[in-house]
Chemist: 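Sharing a structure here in structure tokens format.
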Amino acid sequence: MARGWRTVLRRRLAEDAASEAALTAEEMTELARSRERSVRAGIAARVDLPLPTMLRLGTDRSPQVRAALAANPGVGRSRALMDALAEDTDVSVRLALVGNPATPVDALQRLALRSPGPVCAAAVERMDVDHAYDAAQPVVALRLAVGDDARPTRQAPVRGFKPAR
């Protein structure tokens, strides 16, 4: 039982350290290597995070950490990182990127065109509100109108397939 308390105490101390106002780049890098997802997410949300640490957290195995990074306005310093987060498989990461004020309109357009339902709608709404974007532009309007049902389907027969009679 004492070991469990030590783990909780260690986690709380690390979370407090991640939110500490005055951390050096080395301390942030060290905390970004923590086993605790909440500590890594706390570091990922810091605007003063060094770029190499940001890039490392962009490939973190936890969607919570990548979403915290995607919501960080400092992520705009690396276009490659922003593009990678826009292609993330987790919806929460892409939604966090849509909500990030540093996300440029061209990235929002790509998110609207390539993402399903909620991400597409949020990106279009954000472009409409923040950028006075005309949502009636043909491609985006078509994407919104047809939704996810517009995925291509195979029309040619498959070799070896015999229809039921």
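This is a predicted model, so every value here is computed, not measured. If you read the sequence from its start, that first residue is 1, and numbering goes on from there.
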Chemist: How would you list, by chain and number, every residue that makes a salt bridge (Lys or Arg N to Asp or Glu O under 4.0 Å) with Asp90, sequence neighbours excluded?
Modeler: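 Residues passing salt bridge (Lys or Arg N to Asp or Glu O under 4.0 Å) with Asp90: none at all.
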
Chemist: Specify the closest pair of heavy atoms between Ala68 and Ala41, including all atoms of both residues, with the distance to one decimal.
Modeler: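 That closest heavy-atom pairing would be CB-O, 3.5 Å.
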
Chemist: Which pair of heavy atoms, one from Leu111 and one from Ala86, lies closest together, and at what distance?
Modeler: CD2-O, 3.5 Å

Chemist: How close do Leu23 and Ile43 get, heavy atom to heavy atom, and via which atoms?
Modeler: CD1-CD1, 4.2 Å

Chemist: Compare every heavy atom of Arg40 with every heavy atom of Ser62, then report the nearest pair and how far apart it is.
Modeler: CB-NH2, 3.8 Å

Chemist: Would you check, one step at a time, whether the test side chain to side chain contact (heavy atoms under 4.5 Å, CB included) holds for Val98 with Glu125?
Modeler: CA-CA 10 Å; Val98 168; Glu125 182 180 335; over 6 Å; no

Chemist: Where do Leu108 and Met127 come nearest, in terms of heavy atoms and distance?
Modeler: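 Closest heavy-atom pair between Leu108 and Met127: CB-CG, 3.6 Å.
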
Chemist: Using the test side-chain contact (heavy atoms from CB on, under 4.5 Å), find all partners of Thr24 that sit at least two apart in sequence or belong to another chain.
Modeler: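 Testing Thr24 for side-chain contact (heavy atoms from CB on, under 4.5 Å), a comparison that skips the adjacent residues, returns Glu26, Glu27.
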
Chemist: Can you tell me if Ser115 uses its side chain to pair, donor with acceptor, with the backbone of Ala112 under 3.5 Å?
Modeler: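 Flag not set: sc Ser115 to bb Ala112 has no pair under 3.5 Å.
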
Chemist: Distance-only, no hydrogens or angles: does the Arg56 side chain make a donor-acceptor pair with backbone N or O of Ala32 under 3.5 Å?
Modeler: yes

Chemist: What heavy-atom pair brings Leu51 and Ser78 nearest, and what distance separates the two atoms?
Modeler: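 Closest pair (atom of Leu51, atom of Ser78, distance): CD1-CB, 3.8 Å.
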
Chemist: Taking side-chain contact (heavy atoms from CB on, under 4.5 Å) as the test, write out the residues that go with Ala107, two or more places apart.
Modeler: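 Ala107: side-chain contact (heavy atoms from CB on, under 4.5 Å) contacts with Arg79, Thr103, Pro104, Arg110.
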
Chemist: Quick one: list whatever passes salt bridge (Lys or Arg N to Asp or Glu O under 4.0 Å) with Arg94, sequence neighbours left out.
Modeler: none

Chemist: Can you confirm whether Leu85 sits close enough to Met82 that some side-chain heavy atom of one is under 4.5 Å from a side-chain heavy atom of the other?
Modeler: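 Leu85 does not reach Met82 side chain to side chain.
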
Chemist: Nearest 0.5 Å please: distance from the CG atom of Leu97 over to the CD atom of Glu87.
Modeler: 10.5 Å

Chemist: Using the test side-chain contact (heavy atoms from CB on, under 4.5 Å), find all partners of Ala71 that sit at least two apart in sequence or belong to another chain.
Modeler: Ala96

Chemist: Taking side-chain contact (heavy atoms from CB on, under 4.5 Å) as the definition, give me every residue that meets it alongside Arg77, ordered by chain and number, with sequence neighbours left out.
Modeler: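 Arg77 satisfies side-chain contact (heavy atoms from CB on, under 4.5 Å) with Met54 only.
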
Chemist: Give, for atom CG of Leu31 and atom CE of Met28, the distance between the pair rounded to the nearest 0.5 Å.
Modeler: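 Nearest 0.5 Å value for the CG-CE distance: 9.0 Å.
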
Chemist: Hey, what do you get for CG (Asp88) to CG (Leu95), rounding to the nearest 0.5 Å?
Modeler: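 The CG atom of Leu95 is 11.0 Å from CG of Asp88, to the nearest 0.5 Å.
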
Chemist: Can you check whether Asp60's main-chain N or O pairs, donor with acceptor, with Arg66's side chain at less than 3.5 Å?
Modeler: yes

